[in-house]
Asker: 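Take a look at the following structure, please.
Below, chains carry the letters A, B, ... as their sequence lines are ordered, and counting in each starts from 1.
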Amino acid sequence: MSAIRKRRQAQEEEDANQVKLGPDFQTVDCLLISEVKVLLDIARDRKRRESGEGSISDIMQKTFDYCQQSTRFSNKQVVKEIRALFPKDQFHEFEMVQLANLCCETAEEAKALIPR
Amino acid sequence: MFFLKQLSHTINLHPQYFGPQIRAYLTRRLYEEVEGTCSGQYGYIISVVDIVEVGKGVLQTNTGFAQFQIQYKAIVFKPFRNQVVDGIVATVNKIGFWADVGPLQVFVSSHLIPSYLKFDPNSNPPAYIGDGQEIGEASVRIEKGEKVRLRIVGTRVDATEIYAIGTIKEDYLGPAQVAQ
């Protein structure tokens, strides 16, 4: 019973506006959508090489299609340089990745969508 | 939001697989068992990226199976409350619409859709159409296949499923304005 209450409390604390990601994810590396696409490309090739006709799971296919449509940077070099653009001290990694994923045009838009 | 997280998985291996190919078999079993699953705690596990460590197999005295603790890195997707994401509309209905954000389906209720977007049941496909808003030739529409920017308002986790609801009733949210 207390385990359920603890889990529920942990969930209520999670809030992207204040970058509260819960104990499991607070210190974990975040990934840009373009980076995910690159990684999934590699995984698909590996799978195709190893098992020949093997198909990938639904979730992976769905995610791959989503990344394909929402990725903003098609060039692998560009994706690598993006992380270098942001100064490390000012932003939490989560905010930096959000900024790159959403690509806001104005500073007000960025402030409205990613408060902290 | 996609994360690269290190996780641990236990595999019980039948003695018939003890042999020179044991490592390859374990990695294949790991991919099969873990990729494409969803847990409430870690979100959707999309793909295994790297195997950090395969522990020493411990023989179970009663069954004869060997138990391996495998540490691996994987891409996981977990939605957070108040996070803004880009999604693709999947289904449109009178009560709202569903958008796909990666592996997750987010529901936006009609109460959280701004009043300038009205549901048009006669159009094919069904869509929410903005009146008085003209961008180029076509007016703003929310229909299947359109990109939409939404904010996740709440998430609910079961053991193996995550449900989320979202809103577009805020500044800078809604159908994609500029072609990328």
Asker: If you tally heavy-atom pairs under 4.5 Å against chain B, which of M60(A), Q98(A), E35(A) wins?
Answerer: Q98(A)
Asker: In terms of heavy-atom proximity below 4.5 Å to chain A, should V48(B) be classed as side chain, backbone, both, or neither?
Answerer: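 Backbone only.
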Asker: Shorter than 4.5 Å, heavy atoms on both sides: which option in F80(B), Y42(B), Y172(B) has the most such pairs with chain A?
Answerer: Y172(B)
Asker: Select, from I45(B), V101(B), T37(B), V49(B), the one with the greatest count of heavy-atom pairs under 4.5 Å involving chain A.
Answerer: V101(B)
Asker: Using the six-membered ring wherever Trp is involved, compare the ring planes of F119(B) and Y128(B) and label them parallel, tilted or perpendicular (cut-offs 30° and 60°).
Answerer: tilted
Asker: May I ask you to decide if the ring planes of F77(B) and F2(B) are parallel, tilted or perpendicular, using 30° and 60° as cut-offs?
Answerer: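 Because their plane-to-plane angle lies in the 30° to 60° range, the rings of F77(B) and F2(B) count as tilted.
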Asker: Between the main-chain N or O of N122(B) and the side-chain N or O of D120(B), is there a donor-acceptor pair closer than 3.5 Å?
Answerer: yes
Asker: Can we say R141(B) and E146(B) salt-bridge, meaning some charged N sits less than 4.0 Å from an Asp/Glu carboxylate O?
Answerer: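 Between E146(B) and R141(B) there is no salt bridge, as every charged N stays at least 4.0 Å from the carboxylate O atoms.
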